[in-house]
Each structure stands twice: as structure tokens, then as C-alpha cells.
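Working notes for the structure below.
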Amino acid sequence: MSELAAPAERGLAEIAGLRIVPRRFYGRWIAAALILLVLAWIVKAFAQGQIAWPVVAQFFTAPAILAGLVNTIIMTACAMTLGIVLGVVFAIMYMSPNPVLRGVALFYIWFFRGTPLLLQLLLWFNLALVFPTIGIPGLVEWRTIDVIGPFMATLLGLGMNQGAYTAEVVRSGILSVDVGQTEAAKAIGMTRLTTLRRIVLPQAMRVIIPPVGNEFISMVKLTSIASVIQFSEILRNAQTIYYANARVIELLIVAAGWYLLVVTLLQIGQFFLERVFSKGRGERRQPAQEAGA
Amino acid sequence: MIMDKPIVVAANVVKRFGPLKALNGVSLSIAPGAVQCIIGPSGSGKSTLLRCINQLETIDAGAIEVDGELIGYRRRGDELHELSDAEIARQRLATGMVFQRFNLFNHMTALQNIVEGPVTVLRRPRREAVAEAETLLERVGLSDKRNAYPIELSGGQQQRIAIARALAMKPKLMLFDEPTSALDPELVGEVLAVMRDLASSGMTMIVVTHELGFAREVASDVIFMDKGEIVERGSPATILTAPRHERTRNFIAAVLT
Ligand SMILES: Nc1ncnc2c1ncn2[C@@H]1O[C@H](COP(=O)(O)OP(=O)(O)OP(=O)(O)O)[C@@H](O)[C@H]1O
Ligand SMILES: [Mg+2]
């Protein structure tokens, strides 16, 4: 072949022997230098800012901080669970042919996405002003103040708000499943709800899980907002301590450290969860595995 | 056979999509055990007719009876009452449907696809359902693929599993909507073989197809549709070799070339 090549091709072939000089990335060097400068400045500020690191270490595992951490974790889990359950229910209502259900879902999503979370927390916390008692009139009734304390108000506030966002995520997950799947399910005699439960939702999970994982991580940090209604999560407990001992920055560092730790663990968990749910999609499994399945 | 009560009766069925009449007064009746092939150009309403028969579409006028039961409505005196979601689901049990694009449940293995209906819908014991599914897998020649996911199967294999999935519900009538159109030519034969076997076992089938060879060999009756209407109907020999209508002649000539 090579002896048959035209002169132009032979000329180009000679290029293959030349030395390659890599591109120079001046921008990267400048950026790195700038970042080093800023870092040095921050480190210097912290070093000279009279932060008592022994105090940070001392309070990192203080009982009040750990109790706050536990409350933060419990609240995150409960609020996310409520949010996911409400999200699925309202997504299904939103897509229902029943106009009443659809209207209720639309209103719910509109209201909870349209008002600030802080305002919603305050509303729940002060619910007793509107409904002094709750329950079924004449049968069972409780005083609202007893039922909706800081924990309940936070749970309802965070959970219902999360539900409105999750509903949209679930809805887009459901829409991502091919209509052919629904038609095949109907054709073997499944009702609408059975089709959702057995065929559509399991396949929608692949689309639903990554954003819900992100929201789980956001929720850890969002619980801190409940400090304004006296829910004793980690930030509020840190504040209570620094009101007494004036070690403001030290205790904020303690709280920040715990948040970072929890969020990092969740991110690792999310990585593995996504891997599980993307299995069998797009790539073929090895025949050897198939025999065991 | 002619004496038997028809398994499907359609009377003046009209289906509109906006201004378009996808079905424009279709009437037909199909006897039990018949293999009814439907041919016709693209957009002539063949799929729509099948989808109306198992209520994937609602009709705008006319009436359809499947297995002696009016579908979609209950008659009370002079009134027709719309059926509920659950009642429609029950009526669909009489028919099985095979789609052009297979539509196997992607998150389930071949066996799980077949067992899903009997266990979830018919509430049969899982063990019985699995045993029957294994018989069906054997019947479609795919016993070795019981644990494969749809993505791991060829189109022909997926379609054979889809047929097994429909048969697992023990329907009285099977609807096929161009079951081989999405397949590579070398995979068409294996699916047609399963359908031929099904036809000879006495199953009532309505088959929309462009496989004129299959129609000639297996059909007991052929319908030619065009523009939402049944243009003519007759034995395979008549329709495929000596059609009376110009439109049928043109269509068959076009398919054969
Ligand atoms: N969901 C829908 N919305 C609007 N129009 C539709 C819908 N389904 C079908 N149609 C129209 O109805 C007509 C009949 O469609 P149908 O799918 O029944 O044709 P067909 O005979 O099956 O054609 P093909 O051989 O291409 O599958 C077509 O003009 C089509 O565009
Ligand atoms: Mg079609």
C-alpha cells in the first residue's frame, strides 16, 4: 500500500515522526497560585483568630452535642420518610384521571413550593392559634399545644415541604417509563393502581433515586432551620452552649464538623445505592451471572 | 363453526382522534377458533381496531361485544353505564394482546414476566403459576432463557416470551398487532412458527400483519382495511389472489414488490 500512496499522503505521513510539545495550561497555574494565596490567608486568620482548638475537641463529643446529633439524624430520617410517602401519594393523585384528586395535589404542590420553609415551620408551630384543639369533634380531641410541639412542628414542616418537591420527582420518574409498559400491564388485566405498584414505580426508581438522594443530604442541613422553633437539633444545642460560655466559633466548628461527617457518609451510601439501581440497564450481564439469578 | 356464537362482534364502531376518524363505522364478527388476519396500508386503523377490542382505546360510537359481553358499559334498561377501572380490567382477561414492540416488563426476568399476571391478577398460587410458565416457556422454545432479562434477549425471543405472557392468562382470544414488524428478517420465522402452532391448537386469533405468506397459509379469513373502513373480507385465496376492489389489488401489489 505505502508505495502506492499519492505524494500528498506521503507528505502527511512524515509528520508522524515529529516531536509533540504538549499544550501549556497557563490558566491552571495562575488559578492554583491564587487559590494557594487565599488558603494561606484563611489559615492565618484561623491561627491568629484565637480559636481554642482544645475547646473544639472537648465539645465535639459533649453529651448535649451528641444528643443534638441524634435528634438531627432522627428528624432527617422521619421528615424524609414522610416526604417520600407524601411525594408518591401526591404524584399519583396529580396523574389521576379524577379531577378532584388532581386539584388537591396541584394545590398542595403549589402551596408548599410557593411559601418559604421557615414560614411553614412557624405556621405549624403556631397552629394552636388557629385550631386550639384537633381531633374528631365530640369523639376524641386534644389540645393542639400538646400535640404539636417542636418535634411535630418540625416534622410536619420539613416533611410536607419535602413531599411537594418529591411529588415532582416521582412524577417525572413515572413519566420516564414507556407507555408500552402500562399498556402491557393493562392487557394482562391489571388495574391502574396495580400497574403503578408492580410495573411503573419499580422502573421509575432509577430516575427517582438520584435526586431523592440529593434531597436526603440537603435535609440533614435543612433540619438546622428548626432551631428557630426550639427543636433541639445539633445547631440549636451548640448555640445553647455558646450562649453560656461565649465560645461561638469553636461550637460552630463542632457543628460544621458533624454535618460534614454525616453528609459524607450519606454521599458514600448514595453512590452505592445508585450503582445497585442502574444494574441491568443498558449493559448485558455476563452469562455466568445469569445462571445464578 | 358457523353455528357457534361469535367471540367478537363489532357494530358500526367509530373512533375519532380529534378531526380524524381512525375507525369509520367498522362492523365485523369473528367465530371462535377463527384466525382472522387484518391487512391494510399504514394509518388505515388496524391497530386502533385491536386496541378498541381490548379497551386500550374507548370508542366514540357503535358497540363491541367480546365473549358475549358488551365491553366498557353495562346496560340497564335504556341506559348504558360506564364500567369502573376494575370491571374493565376484568373484561380484559378474555383477551390477550401481543404488541409490535413486545413491551416485556423490563425489570423482570422472562419467567417473572409470564408469572406476573397469574399471581398478581388471578391470585394463583406461585408454585402452580411457575409450573405452568415453565410449560409455556417450553412451548415457545425458550426454557433455557427463564432467568434472562428482556434486555438480554433478541427481538424474536422477546416476542415469544410476550406471547407466553399473554397465554399464561388463558385468554379466549389473542390479538396480535404486527408481531413481526419490529424484527430482523431472520427472526420472523421463529415467531410465526409459535403463532402457527397456536392457531392449530384452536385459539381464536386476530392478527394484524404484513406477512401475506403467513396470512395465506394460516388465516381462516382476511380483512382488508383502508381509511378506517373494512374494504373487503373473504378467504385468504380470494383476498390475496383475486381481490374484487381496486384498493386491495394495489395494496397487495405494493406489498409483494
Ligand atoms: N393516540 C392517537 N392520537 C392521535 N391520532 C392517532 C392515535 N393513534 C392513532 N392515530 C391515528 O389514527 C390513524 C389510524 O392509526 P392506526 O395506528 O390504527 O393505523 P394502522 O393501520 O395500525 O397503521 P400501521 O400499519 O402504520 O401500524 C392514523 O392516522 C393515526 O395517525
Ligand atoms: Mg399499527
Side-chain angles (χ1 to χ4, degrees), chain A residues 92-93 95-102 170 173-210 273-293, chain B residues 47 50-51 53-57 84-123 144-153 162 165-171 174-175 177 182:
Chain A
I92 292 173
M93 283 168 64
M95 304 179 84
S96 151
N98 180 334
V100 178
L101 293 184
R102 203 165 57 234
V170 173
I174 290 175
L175 289 176
S176 78
V177 179
D178 180 28
V179 285
Q181 297 285 308
T182 309
E183 293 191 342
K186 283 183 180 173
I188 58 170
M190 284 192 184
T191 57
R192 225 177 61 83
L193 280 180
T194 311
T195 303
L196 265 172
R197 185 171 58 81
R198 293 289 306 168
I199 308 300
V200 177
L201 280 179
Q203 295 186 64
M205 286 314 266
R206 195 178 51 89
V207 172
I208 294 173
I209 283 197
L273 199 63
E274 278 179 26
R275 262 213 331 211
V276 167
F277 272 90
S278 62
K279 222 178 235 169
R281 295 285 308 199
E283 84 233 53
R284 285 175 182 235
R285 290 181 310 161
Q286 298 305 310
Q289 279 173 287
E290 191 182 303
Chain B
S47 299
L50 288 197
R51 293 166 59 82
I53 290 174
N54 81 342
Q55 305 189 61
L56 289 178
E57 306 283 359
S84 69
D85 184 42
E87 288 166 316
I88 290 171
R90 182 189 57 75
Q91 287 192 330
R92 286 203 184 101
L93 294 177
T95 55
M97 178 134 182
V98 175
F99 299 86
Q100 185 173 353
R101 302 230 38 103
F102 329 133
N103 296 346
L104 287 182
F105 304 134
N106 294 316
H107 59 309
M108 297 182 181
T109 63
L111 186 81
Q112 288 168 339
N113 263 281
I114 302 173
V115 165
E116 180 63 22
V119 171
T120 308
V121 179
L122 301 178
R123 308 225 166 273
D144 55 329
K145 295 291 182 192
R146 74 198 292 274
N147 294 322
Y149 283 90
I151 197 171
E152 298 162 339
L153 297 170
R165 174 178 68 181
L167 290 177
M169 302 302 288
K170 301 194 168 62
M174 285 282 284
L175 308 175
D177 190 2

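Basis for what follows: all heavy atoms, side chains included, without hydrogens, waters or symmetry-related copies. Convention: sequence-line order gives letters A, B, ...; per-chain numbering from 1.
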Measure the spacing between [atom1] of [X] and [atom2] of [Y] and express it to the nearest 0.5 Å.
X      : Y      : atom1 : atom2 : value
A:R197 : B:T120 : CZ    : OG1   : 7.0 Å
B:Q112 : A:R198 : CD    : CZ    : 8.5 Å
B:I114 : A:I188 : CD1   : CD1   : 11.0 Å

With a 4.5 Å heavy-atom cut-off, do [X] and [Y] have their side chains touching?
X      : Y      : value
B:H107 : A:I199 : yes
B:E116 : A:M190 : yes
B:R51  : A:E183 : yes

Over all atoms of both residues, closest heavy-atom pair of [X] and [Y]:
X      : Y      : answer
B:L104 : A:Q181 : O-NE2, 2.7 Å
B:A89  : A:G189 : CB-O, 3.5 Å
A:A187 : B:F99  : CB-CZ, 4.1 Å

Query raised in the report: Of B:N54, B:L56, B:I88, which meets side chain to side chain contact (heavy atoms under 4.5 Å, CB included) against A:K186?
Result: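 Going through the options one by one, the only one that passes is B:L56.
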Query raised in the report: For B:T95, is it the side chain, the backbone, both, or neither that has a heavy atom closer than 4.5 Å to a heavy atom of chain A?
Result: backbone
Query raised in the report: When heavy-atom pairs shorter than 4.5 Å are enumerated against chain B, which of A:D178, A:T191, A:T182, A:T194 gives the highest number?
Result: A:T191
Report task. Could you check A:L193 against B:D85 for side-chain contact (heavy atoms from CB on, under 4.5 Å), going step by step and ending with a plain yes or no? Result -> CA-CA 10 Å; A:L193 280 180; B:D85 184 42; over 6 Å; no
